[in-house]
Amino acid sequence: MPELPEVETLRRNLEPTLVGRRFAQVDITLPKLFLGLAGLQPDDLVGRRVERIRRRAKLLVFDLSEDLALVFHLRLSGQLVHRSRDGVALASGGHPVPAFGAPLPHKATHASFGFDDGSVLYLTDIRQFGRIWLLPAAMLRDFLERSRLGPEPLADAFSEEQLRARLARRPRAALKPLLLDQTFLGGVGNIYADEIAFEARLSPLAPVGDLGPERPADLYRAIRSVLHHAVTNGVADIRNGRTNPERDFPRVHGRAGQPCPRCGTTIVKTHVAGRGTYPCPRCQGYPPG
DNA sequence: AACTACTCCTGGAGGC
DNA sequence: TGCCTCCAGGAGTAGT
C-alpha cells in the first residue's frame, strides 16, 4: 500500500521513538520476507543501535551502528507499529489493516524487533509482499542504485527542468504508467498517480510527448503539491479500495460514481496499466478523442 | 524501448 | 449460510 507520503509519515513517526534504541531481540516468523545480504542473519541485528531513519522513494532505511543497514519495503499491505514495554502506542504507519490499535502480534505479524527499553517494533503484512533487507552499510549505495530509482519528487533538487528533461526521454509513454514507473520518479503509486493526474487536469492515458509547452509545468506543480499536501496534512485513508467519504482525500481515487470536486461530472473507473484508475472525464479529457 | 500478462499472497465485498 | 469471483495503495520477470 504505502506510497511516498505514507512512508515519509511513518519515517517521521518512528524517528523520535526509535533513533538511539538498540536491538535486543529479533523474531522473524515468515523467513521469506527477510533477506540478509553478505550472509547476514536476523540475529546479527542484536546489539546494533538505530542511528538514523531515512526514506528513499518507498523504501525505509535504518542506518545502524557498526556499519549495518536495515531496509524495509512495505509493498501493498505492510505496516509497522512501535509499542512501548507496556503496550502503549509510540508510532505506527503503513497499511491501516489491521487497525493500528489492534492487539499484537496479529496473525499476519511476520517480524518483531525488541529493543533495549523493552519496546517492540512489529511488522504486520497480510499479503506477505513486504521485504526486509539487512546489509553492510558499504553495500547500501549499490543496493539502492541497482533499483535505478528516479528522483525524489519532494527534494529541492527535483526541478521543473528536470521533469521536462525526463519527459522528453519518454515521449510516447502514457502519463499514468510513467508516474508509476519507479525509475522515472521515486515513490508515486496508484493512488497518488490518479490524484496527480487529476490535479494537473491530464488524462492518465495522455502520451507525455503530446503535452505541449505549458502542461509539464502543471504536471510539475501537481506532483509537488499533491505529495506535499499528503505528507503535511495526513495521508490517504482507504480500506480495501473503498474511499472514506468523511475525508476530502483522495479527491478522485476510489470515487467512481461520485461527483468531481471541481466540476461535478461523475468520476469513472477504468483500467490503465492494469491498475484501477479514476479520472474525471471532463476535467481530464478522458477518454481522449 | 515499451507494452501486457503473470507471479508472489490473504481477505473483504458482493452476487447468487 | 456457503460458494464463487473480483478486487486490493507493488514490483520483478518473461514474453511479444
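Proteins get letters first, then strands, A, B, ... in listed order; numbering begins at 1 in each.
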J.: When you check the gap from the basic side-chain N to the acidic O, do A:Arg55 and A:Glu152 get nearer than 4.0 Å?
T.: yes

J.: Looking at A:Asp181 and A:Arg170, is any side-chain nitrogen of the basic one under 4.0 Å from a carboxylate oxygen of the acidic one?
T.: yes

J.: For A:Phe115, give me all partners under ring pair (Phe, Tyr, Trp, His ring centres under 6.0 Å), at least two apart in sequence or on another chain.
T.: A:Phe23, A:His82

J.: Ring pair (Phe, Tyr, Trp, His ring centres under 6.0 Å) with A:Phe158: which residues, sequence neighbours excluded?
T.: A:Tyr220

J.: Using the P atom in both, what is the distance from C:dC7 to B:dA5, to the nearest Å?
T.: 13 Å

J.: Please state whether the phosphate of C:dG10, meaning OP1 or OP2, lies under 4.0 angstrom from any side-chain nitrogen or oxygen of A:Arg127.
T.: no

J.: Between which residue ranges does DNA chain B form stems of three or more consecutive Watson-Crick or G-U wobble pairs, both distances under 3.5 Å?
T.: B:2-8 with C:10-16, B:10-16 with C:2-8

J.: In this structure, how many angstroms lie between the C1' atom of C:dA8 and the NE2 atom of A:His271, rounded?
T.: 10 Å

J.: Please determine whether a side-chain nitrogen or oxygen atom of A:Gln182 lies at a distance below 4.0 Å from atom OP1 or OP2 of C:dA11.
T.: yes

J.: Between A:Arg251 and A:Glu195, does at least one N-O distance fall below 4.0 Å, as a salt bridge requires?
T.: no

J.: Tell me whether the side-chain N/O atoms of A:Lys107 come closer than 4.0 Å to OP1 or OP2 in B:dG11.
T.: yes

J.: Output yes when at least one side-chain N/O atom of A:Lys269 is less than 4.0 Å from OP1 or OP2 of C:dC7, else no.
T.: no

J.: Can you find a side chain N or O atom of A:His253 that sits less than 4.0 Å from OP1 or OP2 on C:dG9?
T.: yes

J.: Distance check, rounded to the nearest 0.5 Å: A:Gln182 atom CD versus A:Leu149 atom CG?
T.: 6.5 Å

J.: Does A:Tyr192 stack onto the base of C:dG9, taking stacking as ring centres under 5.5 Å apart and planes under 30° apart?
T.: no

J.: Is there a donor and acceptor pair closer than 3.5 Å between the side chain of A:Glu3 and the base of C:dG10?
T.: no

J.: Distance check: side-chain N/O of A:Lys58 vs OP1/OP2 of C:dG9, anything under 4.0 Å?
T.: no

J.: Charged N to carboxylate O below 4.0 Å: is that the case for A:Arg21 and A:Asp117?
T.: yes

J.: Rounded to whole angstroms, how far apart are CG on A:Leu33 and C1' on C:dA11?
T.: 16 Å

J.: Name the closest nucleotide to the A:Lys32 side chain, picking from B:dC8, C:dG10, B:dT10.
T.: B:dC8

